[in-house]
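First the structure, in the form of structure tokens, and then the observations on it.
Per chain, numbering begins at 1; letters A, B, ... match sequence-line order.
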There are 2 protein chains.
Amino acid sequence: MDRLIELVNLAIKISAEEEQIIRSYFEKVEIKNKTELLRQGQKSNQLYFIEKGLIHTYYYHDDKEVTSWFYAEENFVTSWYSFLSQAPSFEYLRALEDTTAHTITYSKLQQLYKECPAFERFGRILAEQNLAFLESYSKGYMFLSAKEKYDLLNATIPDITLRVKLGQIASFLGISQETLSRLRSKK
Amino acid sequence: MDRLIELVNLAIKISAEEEQIIRSYFEKVEIKNKTELLRQGQKSNQLYFIEKGLIHTYYYHDDKEVTSWFYAEENFVTSWYSFLSQAPSFEYLRALEDTTAHTITYSKLQQLYKECPAFERFGRILAEQNLAFLESYSKGYMFLSAKEKYDLLNATIPDITLRVKLGQIASFLGISQETLSRLRSKK
DNA sequence: TTTCTTTTTTGATCTACGTCAAATAAAGGC
DNA sequence: GCCTTTATTTGACGTAGATCAAAAAAGAAA
């Protein structure tokens with residue numbers, strides 16, 4: 001939780017009192033590896049801040065699991081589309097390692113925004129940062145070769161390649177397992 | 001401007017007084033077709049709300065112009081990455097038709113957020129909606145065939161196909177002009 | 001209309017990456 | 001350790017869409 005407060009403080013200045021309010025809204029949870037946190041079709045009700053561990057969002061395409069994103073330490077995770085628009089999720093959420101996180105429900109978050117406008121500013125900035133990042137990431141993606149996509153992932157989420165299996169990396173990159181395997185073998 | 005106020009009111013309720021404050025911050029501009037509103041490398045300082053007309057963001061890849069997005073009526077436009085993080089833009093911004101818009105600078109927007117917390121909530125919701133949309137759009141994109149990408153664009157920005165030339169559509173879709181032309185010819 | 005320029009279409013190849021199938025290798029369970 | 005399951009690698013072949021080139025069509029200028 002300390003790291004979360006640090007991040008908030010980095011974006012906006014908050015008082016000790018505000019800090020206490022914010023802390024009181026989050027709850028610490030321990031999540032076992034492979035725990036399913038959300039299923040497709042459900043409405044995402046929880047936002048997680050990862051202290052330690054790894055979570056991914058995924059969906060099925062032609063009966064095969066496709067990872068849409070990996071979330072490691074110091075990131076907020078949920079099925080963003082579902083959480084933000086409170087609509088059924090098109091993806092699953094699952095822990096890929098034993099994970100320690102701090103969580104808040106959608107309705108409590110709205111309450112917190114009302115009680116603490118400074119935190120609403122943080123919410124805006126967080127959404128804006130995510131938007132700016134996703135925009136530049138997805139735009140740059142279009143003309144990349146399989147190899148370049150792989151290198152970009154490694155630069156964006158260091159070590160991810162060592163933490164999850166090849167098939168999941170390949171599905172995230174939108175290339176076949178075989179192509180990724182061949183890619184890795186030569187240099 | 002009326003439509004902008006309507007949209008704000010749809011997301012959050014605002015008082016007549018707040019409405020006046022918001023109105024006072026925006027300025028109406030007429031933009032001639034082909035006007036360059038931002039160049040790569042510059043910092044995006046203006047946010048536009050399009051009342052009438054069409055604007056696109058684009059960049060160069062292998063010396064060829066690639067459209068990253070088309071923005072039509074009732075949308076906010078800027079180079080989002082650059083505007084939100086106040087960093088140099090990796091893309092250009094240009095009018096594709098004579099356009100009527102309402103504009104606000106970055107610093108005035110920050111001022112407005114301070115003067116009117118209700119509008120800061122609107123800013124958060126707008127960023128969240130954009131994020132949710134972009135997330136679902138880009139995730140769905142990966143496994144689409146050229147034809148499916150074309151159909152998705154038509155569903156997302158109706159009529160866009162009639163308003164801009166084929167080469168720009170193709171570059172947006174990430175396919176070659178020739179492929180798009182062949183696609184259109186059969187059915 | 002005629003001429004010049006830009007855009008779109010059509011045709012003939014080429015290629016990165018996919019798919020299918022089978023061989024290894026690594027990881028768990030007992 | 002040995003066996004079963006799961007993950008990775010390797011090989012042969014197929015394909016959507018790229019690229020290059022040139023013809024046809026549509027717009028602009030005058």
Side-chain angles (χ1 to χ4, degrees), chain A residues 32-36 54 56 58-68 70 92 94-98 139-154 159-187, chain B residues 32-36 54 56 58-68 70 94-98 138-154 159-187:
Chain A
K32 274 253 158 282
N33 186 13
K34 293 182 184 166
T35 304
E36 195 101 294
L54 188 64
H56 78 326
Y58 69 97
Y59 58 94
Y60 286 94
H61 175 79
D62 289 350
D63 295 332
K64 276 164 59 186
E65 207 179 293
V66 176
T67 290
S68 35
F70 299 105
Y92 296 74
R94 181 173 58 199
L96 287 174
E97 294 176 358
D98 289 347
K139 277 177 185 172
Y141 215 64
M142 186 169 271
F143 295 101
L144 300 185
S145 66
K147 172 84 169 74
E148 290 168 324
K149 287 178 190 172
Y150 181 69
D151 292 342
L152 176 60
L153 172 59
N154 268 305
D159 286 345
I160 188 66
T161 298
L162 307 171
R163 292 169 80 174
V164 311
K165 46 193 189 194
L166 178 137
Q168 292 175 324
I169 297 282
S171 80
F172 172 81
L173 298 175
I175 64 180
S176 72
Q177 238 185 96
E178 294 91 330
T179 295
L180 180 54
S181 173
R182 277 183 256 262
L183 220 69
R184 273 181 169 174
S185 67
K186 47 178 156 170
K187 216 171 64 60
Chain B
K32 273 252 158 282
N33 186 13
K34 292 180 186 168
T35 304
E36 195 101 295
L54 188 64
H56 78 324
Y58 69 97
Y59 57 93
Y60 286 94
H61 175 79
D62 289 349
D63 295 332
K64 276 164 59 184
E65 206 180 293
V66 177
T67 291
S68 36
F70 299 105
R94 181 171 61 197
L96 287 175
E97 294 176 358
D98 290 346
S138 61
K139 276 176 185 172
Y141 216 64
M142 186 171 271
F143 295 101
L144 300 184
S145 67
K147 172 85 169 72
E148 291 168 324
K149 288 178 189 171
Y150 181 69
D151 292 342
L152 176 60
L153 171 60
N154 268 304
D159 286 346
I160 188 64
T161 295
L162 307 170
R163 291 169 81 173
V164 310
K165 46 191 191 196
L166 178 137
Q168 291 175 324
I169 298 282
S171 80
F172 172 81
L173 298 175
I175 65 179
S176 73
Q177 239 184 95
E178 293 92 329
T179 296
L180 180 54
S181 173
R182 278 183 255 262
L183 218 70
R184 273 181 170 176
S185 68
K186 48 178 157 169
K187 213 169 71 58

Seminar exercise, completed: Nt span of DNA chain C in reach of chain A heavy atoms at under 4.0 Å, 5' end first, is C:dC17 to C:dA21
Exercise. How many angstroms lie between atom CG of A:Leu152 and atom NZ of A:Lys147, to the nearest 0.5 angstrom?
Worked result: 11.5 Å
Exercise. Has A:Ser181 got a side-chain N or O lying under 4.0 Å from the OP1 or OP2 atom of D:dT9?
Worked result: yes
For this session: Answer yes or no: is there an ion pair linking A:Glu65 with A:Arg94, defined by an N-O contact shorter than 4.0 Å?
Result: yes
For this session: Quick one: list whatever passes ring pair (Phe, Tyr, Trp, His ring centres under 6.0 Å) with A:Tyr150, sequence neighbours left out.
Result: none
Seminar exercise, completed: Sorted by chain and number, sequence neighbours left out, side chain to side chain contact (heavy atoms under 4.5 Å, CB included) with B:Asn33 holds for B:Asp98
Can you tabulate the close N/O pairs, meaning under 3.5 Å, that link protein atoms to atoms of nucleotides 20-28 of chain D?
unit_1, atom_1, unit_2, atom_2, d
D:dC20, N4, B:Glu178, OE2, 3.1

Exercise. Between the main-chain N or O of B:Thr67 and the side-chain N or O of B:Ser171, is there a donor-acceptor pair closer than 3.5 Å?
Worked result: yes
Seminar exercise, completed: A:Lys64 NZ to D:dT6 C1', in whole Å, measures 15 Å
Seminar exercise, completed: Taking for A:Leu180 and for B:Gly167 the nucleotide of DNA chain C with the nearest heavy atom, the one nearer the 5' end belongs to B:Gly167
Problem set entry | Nearest-Å distance for atom pair CD1/P, residues A:Ile175 and D:dT9 | 12 Å
Exercise. Does B:Thr179 place a side-chain N or O at less than 4.0 Å from the phosphate oxygens OP1/OP2 of D:dA18?
Worked result: yes
Problem set entry | Heavy-atom check, side chain of B:Ser68 versus side chain of B:Phe172, under 4.5 Å | no
Exercise. Taking CG from A:Leu183 and C1' from D:dT9, how many angstroms apart are they, rounded to a whole number?
Worked result: 13 Å
Problem set entry | By ring pair (Phe, Tyr, Trp, His ring centres under 6.0 Å) - contacts of B:Tyr141 (at least two apart) | B:Tyr137
Problem set entry | For atom CD of A:Gln168 and atom C1' of D:dT8, their distance in whole Å | 14 Å
Problem set entry | Those residues that, when tested against B:Lys34, pass side chain to side chain contact (heavy atoms under 4.5 Å, CB included) (two or more places apart) | none
